[in-house]
There are 2 protein chains.
Amino acid sequence: MKLAIVGAGSVRYALQLLGDLAKIEELSKKGPVVSLMDISEERLEATEVLARRYMEELEVPVKIEATTSLEAALEGADYVINTALAYPRPEGGDGFAAYEKVVEVSEKHGYYRGIDAQEFNFVSTYTYLFCSYYDLTLALNVARTMEKYAPEGWILQTGNPVFEITQILTRESPVKAVGFCHGHGGVHEVCEQLGLPYEEVDWQVAGVNHGIWLNRFRHNGQDAYPLLDRWMEEKGSSWESRSPWDVQMSPAVMDMYRFYGMLPIGDTCRNGSWKYNYDLATKKRWYGKFGGIDNEVERPRFHDQLREGKRKMLELASEVASDPTIRLTERWPRLFSRDRLSGEQQILFIQALECGTPRRLVLNIPNRGVIEGIPDDVVVEIPARVDGEGLHPERIEPDLTPRIKKMYLWPRILRMEWALEAYRSRDIRVFEEILVRDPRTRSFEQVQAVLRDIWALPFHEELRQNFPMGGTT
Amino acid sequence: MKLAIVGAGSVRYALQLLGDLAKIEELSKKGPVVSLMDISEERLEATEVLARRYMEELEVPVKIEATTSLEAALEGADYVINTALAYPRPEGGDGFAAYEKVVEVSEKHGYYRGIDAQEFNFVSTYTYLFCSYYDLTLALNVARTMEKYAPEGWILQTGNPVFEITQILTRESPVKAVGFCHGHGGVHEVCEQLGLPYEEVDWQVAGVNHGIWLNRFRHNGQDAYPLLDRWMEEKGSSWESRSPWDVQMSPAVMDMYRFYGMLPIGDTCRNGSWKYNYDLATKKRWYGKFGGIDNEVERPRFHDQLREGKRKMLELASEVASDPTIRLTERWPRLFSRDRLSGEQQILFIQALECGTPRRLVLNIPNRGVIEGIPDDVVVEIPARVDGEGLHPERIEPDLTPRIKKMYLWPRILRMEWALEAYRSRDIRVFEEILVRDPRTRSFEQVQAVLRDIWALPFHEELRQNFPMGGTT
């Protein structure tokens, strides 16, 4: 079995996936080949060094390869986990620097948190608007390469925007593609807050990526939503956020629950409407004292943490490369755990298909009648049993509320369609029209000005070539 | 055959319908009964007096009845034309006065042309947002009354919003309902401007009410769109609007054509996005020197014209009542024509069903597969052949562009769904959430403030009762 990880220069995330693979014995004992791929040699090498040492320490027969060639990585692969972020880097900066620059330019024109922070998409370091051009192009490139070198393999799409990318892959390529996200993990937090043992809860979520809702929530054969109602009454007002990411039980989320009739889960909590997001003060009122992670204070701080983490990993790799006595699992047992799985689903998915061990996973796949009223070909996020025979989506019971479908899912689905229409047509007027409909827009001149200044950023050369200005009258 | 006209106090519109009925001999010779119904005795009496004299002069065996009782008007009716506007009147004012007051309050809170003037709905004397509460309630009342007194009859829905009302009727009542609009008449203007004889043109329109697009436009077996392209090049820049209503060939419409790939027709031209509608200067740039009819100068002027017209009709009726020698067809031959049909479709529809004379009409009926990608139960506006057997929708060929469906029709359909969700749930939070998504909204406090002030208007008592404030947290 060959697994390729595209974007393995993430270092930490790739090592998590590898750790899962090593710790699931029925998979690792098959002696799988893992091909690490990235365009950055430096970061790829760091992952490779740490991966080899980690696998040695776990004493598993996992073979590590590393390459900067997409073709070499994908050739004959049974599974390709695409974690790459394709957004270009500005001179001397990283992908976050590019994003921060775009936000800065956007805010100068009145677009708080950037033009990509939009209704139902405040998860805003990646985008469904113009930036997704790069991610869609990369993912399609992966798919085209697989059509040639690994036509029977699976793409496990992990890099964001998962919704848009999985959608374009399933529409444009015959290669099997499934989108992955861990957002449904929010159910754990709900159970914990309500004092319900997670294992005893009968739950189901459904929707689209970063837009999923707890349609089923039962305990001991009883509807458990009344417990949430009681929690809101008794404890809701004294809830406080413990970290910028801790928003699952926030006032915004309880407000969404009261309006939509079901609880939003995971990243969905960050994707309400502008009601919760006009500015930092509004965000703090609705998401707790940090105002969530999607704001001008916490987001840059998080980027710095990630940069610092990446720097440390590169240092560590360099140390490990020159000192064969370092034991990763002893010095950093959290990061290089011997037994704990990461909580990510990709390796469990592979285990289920390869070994036939059934797994219940939450996956992004074409709807095909599972959620009533959503077109068959639209990619939805739903629970499915995966086993040696393939994917078996669960029946969604009870159905999502009409309000969730008509006022949340459909508008979000349309934004996906608009992004794909922009991508397909290479027509900058689609972006203009999307921004005309944005609550932050005051005039068409504002739309033209913000796009002009974003297009002019030095690292957007490919964007300028693909979406020429002046398509309007 | 019995025809009821609900809202016959419109006077002029009711007389137009009656004129059509009288002039189509195969219908009028059957001796139909026309029941004029309105809640205003004064205006109803005016219509009745003028209708009787008009029918006398045309020497047709059409029997005129008048009643303020909905039950009496509808009992045993084969056809009910619902033209009523149900919006309440402020003390001492008319329906326009109420509308103008709401616009005034809205504009004070930053909602130019009123909170109901929204994306794809600038046709703004009627509404799909909160005001449609009254129109939906009246139309459902008509349907419920027919279920009891005329279960086999047809509702010919004419009062706006035609889309929302026809939609709720077809979803909520077993009574047969069809929506009527004359907006497709814009095809005449297109043909005239391009120098094409209308009768020689093979055209088709499709979409939703006030959102229809010229999907087929052929002349002599050839695509006629290149003629429009040439017109734009040669004459587009010298086009000027001859009246506030004359916008079919305006720059906004040509811009929509270039973006969406097909030409919007009729009232659709008034329903672009905010790009063309931010303020009067923007409207003038896109719609010609009057800035169209949907603005702060032309709309009140139009209301005054309508008021003056209504006043004159009431005077005329009073004169006619006291002078049996007045010949309407001689003194006002345009208004009381002997031979010219009005251009409205309702009586042609009745003729086709009653007499079997086939008619090609553009009707609002459930989609049922006609436009691909639009749900079966959504009411669309499409051409259909009507004859003694019933309605036969035309096959839409060529299909509407994906951009029209995804970026225009679907967003408009969702706004219909939101209006119906508000109506169904009687939940003011739905209005709040609609306004949160409005490009004119800057904060949730603004939303709450504008609704509070609109709700507080004296003539909105029923609205206040049905949508209690304070549903939010």
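Residue numbers start from 1 in every chain, and the chains themselves are labelled A, B, ... in the order their sequence lines are given, proteins ahead of strands. Heavy atoms only: backbone and side chains are in, while hydrogens, waters and symmetry mates are out.
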Notebook entry, point to check: Leu414(A) versus Met407(B): any side-chain heavy-atom pair under 4.5 Å?
Noted result: no
Check: Is it the backbone or the side chain of Tyr260(A) that comes under 4.5 Å from a heavy atom of chain B, or both, or neither?
Finding: side chain
Margin query: Would you say CD of Glu372(B) has more than 12 non-hydrogen atoms from neighbouring residues, nucleotides or ligands within 6.0 angstrom?
Written below: no
Next item on the list: Evaluate the side-chain proximity of Pro439(A) to Arg437(B): yes if any heavy-atom separation is below 4.5 Å, no if none is.
Entry: no
Margin query: What's the separation between atom CZ in Arg429(B) and atom CZ in Arg258(A), rounded to the nearest 0.5 Å?
Written below: 8.0 Å
Check: Taking atom CZ of Arg171(A) as the centre, does the number of heavy atoms from other residues, nucleotides or ligands within less than 6.0 Å exceed 12?
Finding: yes
Check: Based on non-hydrogen pairs under 4.5 Å, which of Arg440(B), Glu433(B), Arg442(B) is most in contact with chain A?
Finding: Arg442(B)
Check: Is the shortest heavy-atom distance from the side chain of Val430(A) to the side chain of Phe259(B) under 4.5 Å?
Finding: yes
Next item on the list: Please round to the nearest 0.5 Å and tell me the distance separating atom CH2 of Trp286(A) and atom CZ of Phe444(B).
Entry: 6.5 Å
Checklist line | side chain to side chain contact (heavy atoms under 4.5 Å, CB included) between Val436(B) and Tyr276(A), intermediate numbers included | finding: CA-CA 10 Å; Val436(B) 163; Tyr276(A) 317 116; over 6 Å; no
Item checked: Flag if over 12 foreign heavy atoms under 6.0 Å of CZ, Arg426(B) -> yes
Next item on the list: Look only at the side chain of Trp274(B) and the backbone of Ser443(A), and say whether a donor-acceptor pair between them is shorter than 3.5 Å.
Entry: no
Next item on the list: May I ask you to decide whether Arg403(A) forms a salt bridge with Glu421(B), counting only side-chain N to carboxylate O separations under 4.0 Å?
Entry: yes
Note to self: If we define contacts as heavy-atom pairs under 4.5 Å, which of Pro411(A), Gly373(A), Pro251(A) has the most with chain B?
What the structure shows: Pro411(A)
Check: Should the pair Glu445(B)-Arg285(A) be classified as a salt bridge under the 4.0 Å nitrogen-to-oxygen rule?
Finding: yes
Note to self: If you compare all heavy atoms of Lys406(B) against all heavy atoms of Glu417(A), which two are closest, and at what distance to 0.1 Å?
What the structure shows: NZ-OE1, 3.0 Å
